[in-house]
A.B. asks: 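Here it is, the structure, as structure tokens.
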Amino acid sequence: TVCNRGPEPATLHVLPTVWFRNDWAGWISRPSEKPMLKQAEGMAGVSTIEAVHPKLGTYRLYSEGDVPLLFTENETNDALLVPQHPNPSPHVKDGINNFVVHGQQEAINEARVGTKAAAHYQITIDSGKEQVIRLRLGAAGSATNSGNPFGPSFDTLFAERLQEADEFYASVIPGSLDSDAANVMRQAIAGMLWSKQFYYYDLDLWLDEHGADPFKPTRRAPRNEHWHHMYNADIVSMPDKWEYPWYAAWDLAFHVLALTLVDEDFGKEQLDLILRGSYLHPSGQLPAYEWNFGDVNPPVHAWSTMFTYRLEKLRKGQGDLDWLERSFHKLLMNFTWWVNRKDRSGNNAFEGGFLGLDNIGVFDRSSPLPTGGYLEQADGTAWMALFCQNMLEIAIELTLAKPVYIDMAVKFIEHFLWIAASLARAGGEGMWDEEEGFFYDVLRLPDGRAQRLKVRSMVGLLPRCAVTVFEGRLLEKHPEV
């Protein structure tokens, strides 16, 4: 449904699109047989795209109305990216965009075949009005293909799915919410569920295809050359599976909180994924995102793990202690990676790359500094202080059931105090400016000098957020601590 909320009539191009994932390209070491999309004959008033795949079989996408169908190939526009590499086909993945936006008639395939296709609706909607576009996808030979795909069966099926959705959300949304708040919560949860997507990335294969060889340093990959162990083939929650169709580890930690409200098992599985051996680097680093798995993100995985455990405990009366214990061991590896890799001088002041806030630094934190030296980061150190608190929370929960973990609880108490002392250290070289009452990053120069970067931003506020309330249960049961 397309709505015009503006004060004037508006014309829109709406392009429902279908495509095959490209696993047939010539540069792929084990290419698959190429599938095909084509325009098919159908009843009057319905435009039909037939999808033929060697393994999945044949499907049909029906678009209501005599609407033009645009076809191209789901192939990278190499000539645009690297001018000296011509495209193997004149029809590339941005061909539909180039036809609609730039009027390039040759950008689409006049034969009406390809591996990417769209129905091209051009609609004008008056102010305050709306228009519904109806589509239907079905396997060839199914009931969808008999008769009118938009006949009474379409409305019946749609009504059934709406009723099922209403019943589902009624079971998870608190009855104490008014209708407006319940609608907001429903939209938020629906967005999260919609953003689940199968994510496939065999990085060792990809690196091989791009000329990388871990035993030949002269053969370098464009990115991720130290992540040969990565093999992802899972359903993962995406930031946005249309615009951002990749997972980001720290985004995922926040996604889990909402997902756990409606699917506890899936939420816990998402946290497990990032700690799995085919994701977690052997060094203990969590993968960041596909264009740079080695980038540094805020260490919020432990926080999300403990939050998820407590949410399940609140709802069921007990949490999954085995899952919490298993996660704790993997999180220890990540904590050790942070301590060994991001505390350069060993004084519990941390650095890193992207730490969760866009456009807040004087320098690009993921690149070498133009001045030389390095940054001791107020936000990076604050995230590590919070990481300690979260690991302490988990250690306490485990200790209450298994006293063997009491030493780990003490370890994280001590480590937090060391980090807090470093963060709050006053004086000319510390992050805390007593006179201004604010935290700043500290630039450590190669000649040994240090200088605060006095930029007022969220960097200086995050240390005030690294706070956790403990209820004293550990001391009650183990006063000897």
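Starting from 1, each residue takes its place in the sequence as its number. Quick note: numbers below take in every heavy atom, side chains included, and nothing from hydrogens, waters or symmetry partners.
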A.B. asks: Check the orientation of Phe20 and His53. Use parallel for under 30°, tilted for 30 to 60°, and perpendicular for over 60°.
C.D. replies: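 Ring orientation, 0 to 90° scale: tilted.
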
A.B. asks: Check for me whether the distance between the ring centres of Tyr121 and His13 falls short of 6.0 Å.
C.D. replies: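 Centroid distance Tyr121-His13: not below 6.0 Å, so no.
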
A.B. asks: Partners of Phe328 by ring pair (Phe, Tyr, Trp, His ring centres under 6.0 Å), sequence neighbours excluded?
C.D. replies: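 Listed in chain order: Tyr405.
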
A.B. asks: Given Trp246, which of Tyr201, Tyr199, Trp291 fulfils the ring pair (Phe, Tyr, Trp, His ring centres under 6.0 Å) condition?
C.D. replies: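 Only one of Tyr201, Tyr199, Trp291 forms a ring pair (Phe, Tyr, Trp, His ring centres under 6.0 Å) with Trp246, namely Trp291.
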
A.B. asks: With the threshold set at 4.0 Å, does a side-chain nitrogen-carboxylate oxygen contact exist between Glu312 and Arg315?
C.D. replies: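 No.
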
A.B. asks: Are any of the side-chain nitrogens in Lys313 or Asp320 under 4.0 Å away from the carboxylate oxygens of its partner?
C.D. replies: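 No, no charged N to carboxylate O under 4.0 Å.
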
A.B. asks: Side chains of Ser345 and Asn347: do they bring a donor and an acceptor to under 3.5 Å?
C.D. replies: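 Yes, a side-chain donor-acceptor pair sits under 3.5 Å.
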
A.B. asks: Is the centre of the Tyr279 ring less than 6.0 Å from the centre of the Tyr247 ring?
C.D. replies: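 Yes; Tyr247 has its ring centre under 6.0 Å from that of Tyr279.
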
A.B. asks: Check this for me: does any side-chain nitrogen of one of Glu50 and Lys38 sit under 4.0 Å from a carboxylate oxygen of the other?
C.D. replies: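 Yes, this pair counts.
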
A.B. asks: So, Arg310 and Glu397, do they make that salt bridge, N to O below 4.0 Å?
C.D. replies: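 Salt bridge absent between Arg310 and Glu397.
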
A.B. asks: Under a 3.5 Å cutoff, is there a donor and acceptor pairing between the side chains of Arg21 and Tyr200?
C.D. replies: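 Arg21 vs Tyr200: no donor-acceptor pair found between side chains.
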
A.B. asks: Have a look at Phe335 and tell me which of Phe350, Phe412, Trp383, Phe416 forms a ring pair (Phe, Tyr, Trp, His ring centres under 6.0 Å) with it.
C.D. replies: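 Filter result, single survivor: Phe412.
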
A.B. asks: Would you say the side chains of Asp94 and Asn77 form a donor-acceptor pair under 3.5 Å?
C.D. replies: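 There is such a pair between these side chains.
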
A.B. asks: Would one find more than 12 heavy atoms of other residues, nucleotides or ligands at under 6.0 Å from atom CH2 of Trp242?
C.D. replies: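 12 or below, so no.
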
A.B. asks: Would a line drawn from the ring center of Trp250 to the ring center of Tyr289 be shorter than 6.0 Å?
C.D. replies: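 No.
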
A.B. asks: Using the six-membered ring wherever Trp is involved, compare the ring planes of Phe293 and Trp227 and label them parallel, tilted or perpendicular (cut-offs 30° and 60°).
C.D. replies: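 Tilted: the ring planes of Phe293 and Trp227 meet at 30° to 60°.
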
A.B. asks: Looking at Lys316 and Glu264, does any basic side-chain N land under 4.0 Å from a carboxylate oxygen?
C.D. replies: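 Yes.
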
A.B. asks: Closer than 4.0 angstrom, basic N to acidic O: yes or no for Asp272 and Arg326?
C.D. replies: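 Looking at Arg326 together with Asp272, the answer is yes, because their closest N to O distance falls below 4.0 Å.
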
A.B. asks: Does a donor on one side chain and an acceptor on the other come within less than 3.5 Å for Thr72 and His91?
C.D. replies: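 There is no such pair (donor and acceptor under 3.5 Å, judged by atom type) between the side chains of Thr72 and His91.
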
A.B. asks: Does a salt bridge link Lys116 with Glu73, judged by any charged N lying under 4.0 Å from a carboxylate O?
C.D. replies: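 Salt bridge between Lys116 and Glu73, a charged N being under 4.0 Å from a carboxylate O: no.
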
